[in-house]
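Worksheet: one structure, shown below.
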Amino acid sequence: MFKEQDFDIIVIGAGHAGCEAALAASRMGFETCLFTINLDTTAQLSCNPAIGGLAKGHLVREIDALGGEMAKITDRSGIQFRMLNLSKGPAVWSLRAQADRSLYRAFMKQVLEEQPRLHIKQAMVERIEAKDGRVHGIVTSLGVLYGARAVIVTTGTFLKGLMHIGMESFPAGRAGEFPSITLSDSLRDLGFQLGRLKTGTPPRIDAKSIDFDLLAPQYGDDPPVPFSYSTGRITNPQLPCYITYTNQKTHDIIRGSLDRSPLYGGRISGVGPRYCPSIEDKVVRFAEKDRHQIFLEPEGLQTSEYYANGISTSLPYDVQIALVRSIEGLEHAELMRPAYAIEYDYVPPTQIRHSLEAKAIAGLYFAGQINGTSGYEEAGAQGLMAGINAALHLRGKEPLILRRDEAYIGVLIDDLVTKGTNEPYRMFTSRAEYRLLLRHDNADFRLMDKGHDIGLLSGEAFEAFCLRRSRLERERTRLANERIKPGDALNKRLAELGTTPMPEDCVLEKLLKRPQVGYDLIMEFAPAPEEIPGDVQSLVEIQVKYDGYIKRQVELADRLARYEEKRIPDGFDFSGLPGLSREVVQKLREVQPRTIGQAGRIPGVTPAAVSILLIAAEKQWRQSKTS
């Protein structure tokens, strides 16, 4: 075996998790090496050419607030931006962007290559070297050993990846790329339990063969709202998506071909994503529906490929052609790339800590789809946190662990570590108990101080945030103290808005609390003494209108935080507690919760069991203090 060199941190895989992990580690001052099977597919948008969406957009904003890269690259490559759910409350507003696939990959690769202390190598990693419960490096397929004090595994769908198109199956990590075979065996040899998951993609269609006149266009917002707080404005040309639907003929074609489906023929053993099923799954499970929506999404400014979002499938190629051509507007469609399903190994995430470090091996971290998640955004968030915590680990400092009331990233990681997953995990706003605290618009207020403290946010970005925060605080103070007197013009406007006239003067905040009154009316009749940017105006209005609800969620979070602060002693013997069932003891042993709060979120651990655990843990704390 030939040893080339040592690094502080090694990252395996250059997908969205790997890119964020490598950038974070190197920006925090550590010599980092990013290994990838193919340099040309770095940061590949391997499924849909889009970033964000419901809850996922929150994750992207949080990545940006902590000093990550995904939001910036999306803004540079975005070709359509839409704020979703504006007809609902601000807790569930979420940004989504179509990205130019080639531009996204190129911009991220450029950032990686220009980053000081970050080395990039094209190589197949075959084995992780560990001894005495600590990681020491990796070995490539060429027999080259690279030493490291920490290793972050972000292998996506490549671990023993197996692609299916109809009844044909072949090893692949993605279409046209080799899988990683022996690394799975290496993880098993190190004592990790592995599972099997499945995901898939729809076909890509040549724009020249689409009859767009028969389709409904869907345009983005004008002007587009950027993802990153550091982006001034979006400069790329913006393109529409197009909407069409499957029909009864499509469904008949699918039903008649189920015997040729690897999903229904038993060839696929991995569990697929519940919330993003294949079109054959939709037709079978929702037989009462006579159509399913399809979004035709442009893959970029310089390509004619369109992504047929909504008809992910693993049916044979001839069936794919028939079902696509049965759809209105696609009667003459030419498939540029076929759809496929892919199975891959993952590491059930109850085997890792909230820091994303493996419980069994110090210095070994897992992030992204290897932890059972789906989506670029979930991967990027985990990669960023793994990179941060690997760096903090080498500094000898405590890991950065975000609480459930601080970030969707905190919800994501806590769900994975505490509950595990046996299907691809996808983030939803409904997974968060504190949705009104974790809004899309306030990620910087929640997380930028943390990003600055660990050294990932530049002085310029942090200074801009501090200015934004001080403007908001001054305006909140003004609204709470400045009074406005009723007058004919003001009462006339209030009547036009459908609300009662003002009988007497009141503070501006009280007027703004009225559902019918917007911040624009305040600025019309009582303008601020300084310029208030539009995004700060929106934030002020949300804080004022939802003040009571926000305070109640803060109070609830503070009450529950007491349980998060009650640490369970290391090496605690759960089996020695009378009153706990064997099932509860087994779950506690498997997860090894850090706190009483985490123990209470483990499925199957009852409130009565939490009470028993709390009493026992407090008894052990008292004994340790007196001894």
Salt bridge present between Asp414 and Arg404 (N-O < 4.0 angstrom) | yes
State plainly whether the residues Arg27 and Glu69 are in salt-bridge range, i.e. N to O under 4.0 Å.
-> yes
Pair Tyr408 and His440, ring centroids less than 6.0 Å apart | no
Should we count OH of Tyr549 as having more than 12 external heavy atoms under 6.0 Å?
-> no
Ion pair Arg476/Glu509, N-O distance below 4.0 Å | yes
Are Tyr376 and Tyr104 an aromatic pair by the rule of ring centers under 6.0 Å?
-> no
Sole candidate of Asp535, Val540, Ile542, Val536 that passes side chain to side chain contact (heavy atoms under 4.5 Å, CB included) when paired with Ser538 = Ile542
Is the closest side-chain donor-acceptor distance between Ser228 and Asp64 under 3.5 Å?
-> yes
Please check if the side chain of Thr41 supplies one atom and the backbone of Gln44 the other of a donor-acceptor pair under 3.5 Å.
-> no
What residues, two or more places apart in sequence or in another chain, satisfy side chain to side chain contact (heavy atoms under 4.5 Å, CB included) together with Ser470?
-> Leu467, Arg474
Any side-chain donor paired with an acceptor under 3.5 Å for Thr313 and Glu280?
-> yes
Will you find, in the side chains of Gln382 and Thr373, an N or O donor that is under 3.5 Å from an N or O acceptor?
-> yes
Is a side-chain donor-acceptor pair under 3.5 Å present for Glu328 with Asn247?
-> no
Tell me, please, which residues at least two apart from Phe286 pass side chain to side chain contact (heavy atoms under 4.5 Å, CB included).
-> Lys282, Glu288, Lys289, His292
Can you list the steps and then say if Ser312 with Ile279 is a side chain to side chain contact (heavy atoms under 4.5 Å, CB included)?
-> CA-CA 6 Å; Ser312 173; Ile279 187 60; over 6 Å; no
Does Ala443 offer a backbone N or O that forms a donor-acceptor pair with the side chain of Tyr229 under 3.5 Å?
-> yes
Please assess Phe445 against Phe465 for the test ring pair (Phe, Tyr, Trp, His ring centres under 6.0 Å), listing each intermediate value before the final yes or no.
-> CA-CA 8 Å; Phe445 286 82; Phe465 160 65; 5.5 Å; yes
Between the main-chain N or O of Arg439 and the side-chain N or O of Asn442, is there a donor-acceptor pair closer than 3.5 Å?
-> yes
Test salt bridge (charged side-chain N to carboxylate O under 4.0 Å, His left out) on Glu531 and Arg471 and set out the steps.
-> CA-CA 9 Å; Glu531 181 184 356; Arg471 279 173 167 165; 5.4 Å; no
List for me each residue that meets side chain to side chain contact (heavy atoms under 4.5 Å, CB included) alongside Asn422, sequence neighbours excluded, and say none if there are none.
-> Tyr346
Answer yes or no: is there a donor N or O on one side and an acceptor on the other, between the side chain of Asp75 and the main chain of Phe227, under 3.5 Å?
-> yes
Examine the side chains of Ser304 and Asp206 and answer whether a donor and an acceptor come within less than 3.5 Å of each other.
-> yes
Taking atom CZ of Arg285 as the centre, report whether more than 12 heavy atoms of other residues, nucleotides or ligands fall under 6.0 Å from it.
-> yes
Atom of Ser314, atom of Ser261 and distance for their closest heavy-atom approach = OG-OG, 4.4 Å
Between Asp441 and Leu539, is there a donor-acceptor pair closer than 3.5 Å when you use the side chain of the first and the backbone of the second?
-> no
Okay, side chain of Gln80, backbone of Gln218: is any donor-acceptor separation there less than 3.5 Å?
-> yes
Counting only N and O atoms by type, is there a donor-acceptor contact under 3.5 Å from the side chain of Trp93 to the main-chain atoms of Lys88?
-> yes
With a cut-off of 6.0 Å (strictly less than), are more than 12 heavy atoms of other residues, nucleotides or ligands near CD of Gln302?
-> no
Under the 6.0 Å and 45° cation-pi test, does Arg431 pair with Tyr425?
-> yes
Counting only pairs under 3.5 Å, give me each side-chain donor-acceptor contact of residues 512-521, with atom names and distances, residues two or more places apart or in other chains.
residue : atom : partner : partner atom : Å
Lys513  : NZ   : Val544  : O            : 3.1
Arg514  : NH1  : Thr499  : OG1          : 3.1
Arg514  : NH1  : Thr500  : O            : 2.4
Tyr519  : OH   : Glu475  : OE2          : 2.5

Sorted by chain and number, sequence neighbours left out, side chain to side chain contact (heavy atoms under 4.5 Å, CB included) with Thr201 holds for Cys47, Arg204, Tyr340
Check for a donor-acceptor pair, side chain of Thr303 on one end and backbone N or O of Glu299 on the other, with a separation under 3.5 Å.
-> no
With sequence neighbours left out, write down each residue that passes salt bridge (Lys or Arg N to Asp or Glu O under 4.0 Å) with Asp444, or none if nothing qualifies.
-> Arg468
Arg174 with Glu177: basic N within carboxylate O range, under 4.0 Å = yes
Heavy-atom closest pair (Ala407 atom, Leu438 atom, distance to 0.1 Å) is N-CD2, 3.4 Å
So, do Tyr242 and Phe295 have ring centers that fall under 6.0 Å from each other?
-> no
Using a strict 4.0 Å threshold on nitrogen-to-oxygen distance, state whether Arg426 and Glu378 make a salt bridge.
-> no
Are any of the side-chain nitrogens in Glu334 or Arg325 under 4.0 Å away from the carboxylate oxygens of its partner?
-> yes
